[in-house]
Amino acid sequence: MESPIEVTEGVDGWNTIIFLYNSALKEVGTKLEILNDEFQHVHQYNPIEYIKRRIKTPESIVKKLKRYGYESTIDNMVNYVNDIAGIRIVCSFTSDIYRMAEMIGKQNDLTVVSVKDYIKHPKESGYKSYHMLVTVPIFLSDRVVDTKVEIQIRTIAMDFWASLEHKIYYKFEGNAPEYISKDLRECAEIVSMLDAKMLSLNEAILEAKAAQEA
Ligand code: GTP
Ligand code: MG
């Protein structure tokens with residue numbers, strides 16, 4: 001029987017949950033590598049360019065809890081901070097994003113808790129990405145604990161935009177002048193155009209190659 005994370009407050013509790021989130025990152029990371037390798041094996045093609053993973057720093061966990069209006073307890077962080085363990089999958093083409101999302105959804109031992117498609121519905125900022133919140137069972141010696149991992153799937157171009165936008169916004173602490181926000185939204189449009197162009201170019205190349213081989 002799987003159980004939610006049970007925690008004690010204090011250093012012991014903290015160490016236990018960081019251990020759980022690290023284990024969850026390993027489990028999900030390995031799954032993704034296997035999916036990518038299998039895809040390469042079957043289709044001679046890698047949908048994943050690269051994967052980044054991180055555990056949220058204690059500072060930003062506390063900051064988020066504060067923003068949500070919760071006390072900084074381990075119980076609250078486990079219940080309300082969904083992105084303590086985060087994995088970012090960076091794909092070549094937009095089509096790869098949906099392919100990855102579908103493959104992740106079909107993994108029997110992962111539970112998809114929620115999905116946010118900021119590609120079909122970009123954020124006000126211009127941000128685009130496909131987010132999945134999943135839980136993965138972590139098998140400890142005496143129990144199984146379902147642990148949350150936030151998966152962000154995006155193209156290289158989307159990742160480029162998000163990384164730079166994050167840096168710029170950080171400097172202004174969220175209060176960037178309107179002309180900067182506007183320019184960033186324009187850059188997001190350019191990123192989308194670039195992704196669309198690269199995708200159609202890739203399709204054209206595949207078709208041309210198939211015609212040559214026929
Ligand atoms: P938080 O924004 O994390 O408090 O939670 P949420 O429930 O609003 O989640 P959401 O899916 O909106 O965003 C989660 C993560 O996506 C963030 O921690 C960022 O990594 C990323 N993200 C969301 N919006 C933006 C954005 O406008 N710019 C950038 N660079 N990243 C964003
Ligand atoms: Mg947000």
Side-chain angles (χ1 to χ4, degrees), residues 4-5 17-18 21-22 24-25 28-29 32 48-91 94 96-98 100-101 104-105 110-136 146-195:
I5 301 181
I17 61 154
I18 293 305
Y21 285 113
N22 262 315
L25 274 189
V28 176
L32 296 173
I48 300 178
E49 287 283 334
Y50 52 90
I51 295 176
K52 299 183 209 168
R53 47 180 109 167
R54 68 105 184 85
I55 295 283
K56 210 175 181 72
T57 60
E59 291 77 22
S60 48
I61 293 171
V62 168
K63 217 167 145 189
K64 195 163 205 173
L65 281 174
K66 213 174 248 170
R67 177 152 63 89
Y68 290 170
Y70 294 115
E71 241 185 287
S72 292
T73 64
I74 291 180
D75 207 31
N76 282 344
M77 86 186 235
V78 166
N79 288 321
Y80 302 116
V81 183
N82 291 333
D83 63 343
I84 294 173
I87 283 209
R88 189 168 289 156
I89 308 171
V90 180
C91 297
T94 318
D96 295 326
I97 296 174
Y98 291 100
M100 280 314 305
I104 292 167
L110 290 185
T111 305
V112 179
V113 178
S114 64
V115 167
K116 292 182 199 166
D117 188 344
Y118 296 127
I119 297 169
K120 292 209 170 81
H121 309 283
K123 287 206 158 186
E124 181 66 25
S125 60
Y127 177 76
K128 285 189 170 192
S129 250
Y130 191 93
H131 292 188
M132 300 175 92
L133 179 64
V134 304
T135 62
V136 58
D146 278 331
T147 308
K148 290 186 259 192
V149 177
E150 185 186 81
I151 306 178
Q152 301 181 344
I153 320 175
R154 37 170 93 149
T155 61
I156 306 177
M158 291 172 194
D159 192 46
F160 167 67
W161 183 94
S163 298
L164 297 194
E165 188 259 7
H166 181 75
K167 268 184 202 158
I168 295 169
Y169 248 75
Y170 199 79
K171 288 200 185 105
F172 290 105
E173 291 178 325
N175 297 310
E178 178 50 30
Y179 74 94
I180 291 183
S181 307
K182 185 171 157 279
D183 278 359
L184 282 168
R185 280 195 295 273
E186 272 174 35
C187 289
E189 289 294 317
I190 299 170
V191 158
S192 300
M193 272 160 48
L194 192 60
D195 269 335

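Note that ligands are numbered from 1 as they come in the structure, with each ligand's atoms numbered from 1 the same way.
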Q | Residues that Tyr50 engages under ring-ring contact (aromatic ring centres under 6.0 Å, His included), provided they are two or more places apart | A | none
**Q.** Closest candidate by heavy atom, reference atom 7 (O) of ligand 1, pool Lys116, Met158, Glu150, Lys56
**A.** Lys116
**Q.** Close N or O approach (Ser125, ligand 1; < 3.5 Å)
**A.** yes
Q.
Give the atom numbers and elements of ligand 1 that come within less than 4.0 Å of a heavy atom of Glu165.
A. 26 (C), 27 (O), 28 (N), 29 (C), 30 (N)
**Q.** Partners passing salt bridge (Lys or Arg N to Asp or Glu O under 4.0 Å) against Lys116 (at least two apart in sequence or in another chain)
**A.** none
Q. Do Tyr98 and Asp117 pass the side chain to side chain donor-acceptor pair (under 3.5 Å) test, and can you show the C-alpha distance, the side-chain angles, and the key distance before you say yes or no?
A. CA-CA 10 Å; Tyr98 291 100; Asp117 188 344; 2.8 Å; yes
Q. Is there at least one pair of N or O atoms, one from Tyr68 and one from ligand 1, spaced under 3.5 Å apart?
A. yes
Q. Is ligand 1 under 4.0 Å from a heavy atom in the side chain of Asp83, in the backbone, in both, or in neither?
A. side chain
Q: Please confirm whether Ser163 comes within less than 3.5 Å of ligand 1 when only nitrogen or oxygen atoms on both sides are compared.
A: no
**Q.** Heavy-atom nearest neighbour of atom 14 (C) of ligand 1 within options Lys64, His131, Lys128, Lys123
**A.** His131
Q.
Tell me which one of Asn82, Asn79, Asp83 satisfies side-chain hydrogen bond (donor to acceptor under 3.5 Å, both in side chains) with Lys148.
A. Asn82
Q) Does NZ or CZ of Lys123 fall inside the cone over Tyr118's six-membered ring, less than 6.0 Å from its centre and within 45° of the axis? A) yes
Q: Could you give me the CA-CA distance, side-chain angles and deciding distance for Tyr127 and Arg154, then say whether side chain to side chain donor-acceptor pair (under 3.5 Å) is met?
A: CA-CA 10 Å; Tyr127 177 76; Arg154 37 170 93 149; 2.9 Å; yes
Q | Sub-4.0 Å heavy-atom approach of Gln152 to ligand 1 | A | yes
Q: Starting at CD1 of Ile87, measure out to CG of Leu25 and round the result to the nearest 0.5 Å.
A: 5.0 Å
Q: For ligand 1, find out whether one of its N or O atoms is nearer than 3.5 Å to an N or O atom of Arg67.
A: yes
Q: Please state which part of Tyr169 comes within less than 4.0 Å of ligand 1, counting heavy atoms only: side chain, backbone, both or neither.
A: neither
Q. Between Tyr169 and Ser125, do the side chains contain an N or O donor and an N or O acceptor separated by less than 3.5 Å?
A. no
Q | Numbered atoms and elements of ligand 1 in range of Ala162, under 4.0 angstrom, heavy atoms | A | 30 (N)
